[in-house]
Amino acid sequence: MKATGIVRRIDELGRVVIPKEIRSTLRLKSGDPLEIFTDRDELMLKKYSPIASLEKFSEGTAKSLSDLSGHIAVICDTDEVLHASGRGQRVFDGKSLSEKMEKIMLGRKSYVANLAEGGDVVPITGDGAEDITAQIIVPIVCNGDCLGAVALVSTDQGAKMEAGACKLAQLSATILANQFE
C-alpha cells in the first residue's frame with residue numbers, strides 16, 4: 001500500500017471525502033460501489049466488481065467460450081479485462097477498457113462489427129494494441145445495471161462473427177448476469 005500524504009477528517013455523519021486526484025487515478029465515479037476491508041487498525045476501500053467475485057466461474061466461462069467459438073473470449077467488468085482466453089489472449093489480460101468499450105456497455109446493447117463488411121471495430125482495451133478484424137460485445141446486465149461484458153474477437157484476416165458465435169456470447173452474458181439475481 002502506498003502512502004499519499006493526504007489526510008481527511010471524518011464528518012459527523014461518518015463520511016470521508018476521497019480527493020479528486022485519487023478518484024481520477026482509480027477511475028472512481030459518483031455512484032460507484034466500494035467494498036470496505038479492515039485489518040486491525042487499517043481501513044481499505046476497493047472498487048466493487050460483482051463479476052470479479054465470480055473469478056473461477058468467469059475464467060472457466062472465457063475458456064469454454066473460446067474453445068467452442070474458436071475466437072478469443074474476453075470477460076470484463078466495467079473497468080478492465082478480468083479474463084481472456086484463446087490464441088492472442090495476452091494482449092487483453094488485465095488491461096483497462098477503452099472509452100468506446102465503456103460506451104457500448106453503458107448503452108446495454110450488443111455490438112457486432114466485421115472489418116470484412118466495412119464495420120467499425122472498437123478497441124477493447126485503452127491502449128488499443130489488439131488487431132481486431134471481427135467482434136461481438138454483449139453487455140452483462142442484471143436488474144438494469146451493467147456489470148461488465150462478454151466479447152468474442154478475431155484477429156484473422158477476413159474474419160466474420162457468425163450467428164452461432166453471437167448466440168454463444170449472448171448466452172454467456174445471460175448466464176453470468178443470472179448469477180446475481
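Positions are given from 1 along the sequence.
With values rounded to the nearest 0.5 angstrom, Glu21 atom CD is found 6.0 Å from Ile6 atom CD1. Note that the CZ atom of Phe180 and the CG atom of Asp145 stand 11.5 Å from one another [nearest 0.5 Å]. Atom NZ in Lys167 sits 14.0 Å away from atom OG in Ser172 (nearest 0.5 Å). Atoms CG and CD1, on Leu176 and Ile75 in that order, are 5.0 Å from each other to the nearest 0.5 Å. For the atom pair CG of Leu82 and CG of Leu54, the computed distance is 10.0 Å after rounding to the nearest 0.5 Å. Within the model, atoms NZ of Lys63 and OG of Ser58 stand 14.5 Å from one another, a figure rounded to the nearest 0.5 Å.
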Residues 104-121 side chain polar contacts: donor-acceptor under 3.5 Å, at least two apart:
unit_1 : atom_1 : unit_2 : atom_2 : d
Arg108 : NE     : Gly144 : O      : 2.8
Arg108 : NH1    : Leu106 : O      : 2.8
Arg108 : NH2    : Gly144 : O      : 3.2
Tyr111 : OH     : Asp120 : O      : 2.4
Asn114 : OD1    : Met161 : N      : 2.8
Asn114 : ND2    : Glu117 : OE1    : 3.2

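Hydrophobic cluster membership differs between Ile140 and Ile137, with clusters built from Ile, Leu, Val, Met, Phe, Trp and Tyr side chains linked at under 4.5 angstrom. Ile22 and Phe37 are not part of a single hydrophobic cluster, where members link through side-chain heavy atoms under 4.5 Å apart. Taken together through direct or relayed side-chain contacts under 4.5 Å among Ile, Leu, Val, Met, Phe, Trp and Tyr, Val74 and Val150 form parts of separate hydrophobic clusters. Residues Leu168 and Val153 do not share a hydrophobic cluster, clusters being chains of Ile/Leu/Val/Met/Phe/Trp/Tyr side chains in contact below 4.5 Å. Note: the hydrophobic cluster containing Leu68 also contains Ile175 (ILVMFWY, side chain heavy atoms under 4.5 Å, direct or indirect links).
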Could you check Leu147 against Asp77 for side chain to side chain contact (heavy atoms under 4.5 Å, CB included), going step by step and ending with a plain yes or no?
CA-CA 6 Å; Leu147 306 177; Asp77 63 11; over 6 Å; no

Take Ile136 and His71 through the side chain to side chain contact (heavy atoms under 4.5 Å, CB included) test and state the conclusion after the steps.
CA-CA 10 Å; Ile136 176 156; His71 299 296; over 6 Å; no

Asp127/Lys95 under side chain to side chain contact (heavy atoms under 4.5 Å, CB included): CA gap, chis, key distance, verdict:
CA-CA 8 Å; Asp127 64 8; Lys95 293 193 179 170; 3.0 Å; yes

Side chain to side chain contact (heavy atoms under 4.5 Å, CB included) between Leu34 and Ile18: does it pass, once the steps are laid out?
CA-CA 12 Å; Leu34 297 175; Ile18 301 171; 4.0 Å; yes

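Minimum interatomic distance between His83 and Ala62 (heavy atoms only, all atoms of both residues): CB-CB, 4.2 Å. Smallest separation of non-hydrogen atoms from Met101 and Ile124: CB-O, 3.8 Å. Contact detail for Ser66 and Ala73: the closest heavy-atom pair is N-CB, 3.8 Å. Minimum interatomic distance between Phe92 and Val81 (heavy atoms only, all atoms of both residues): O-CB, 3.3 Å. Residues Ser98 and Thr125 come closest through the heavy atom pair CB-O, 3.3 Å.
At most 12 heavy atoms of other shown residues, nucleotides or ligands fall within 6.0 angstrom of atom NZ in Lys20. Surrounding CZ of Arg87 are at most 12 heavy atoms belonging to other residues, nucleotides or ligands under 6.0 Å away.
Looking only at side-chain heavy atoms (C-beta outward), Thr155 and Glu130 stay at 4.5 Å or farther from each other. With contacts defined as side-chain heavy-atom distances shorter than 4.5 Å, the pair Ile72/Leu152 does not qualify. Two residues are said to be in side-chain contact when any heavy atoms from C-beta on lie closer than 4.5 Å; Gln179 and Cys142 fail this criterion. Side-chain contact between Leu65 and Ser85: absent, with no pair of heavy atoms (C-beta onward) separated by less than 4.5 Å.
Checked by atom type and distance alone, the side chain of Thr174 pairs as donor or acceptor with a backbone atom of Gln170 at under 3.5 Å.
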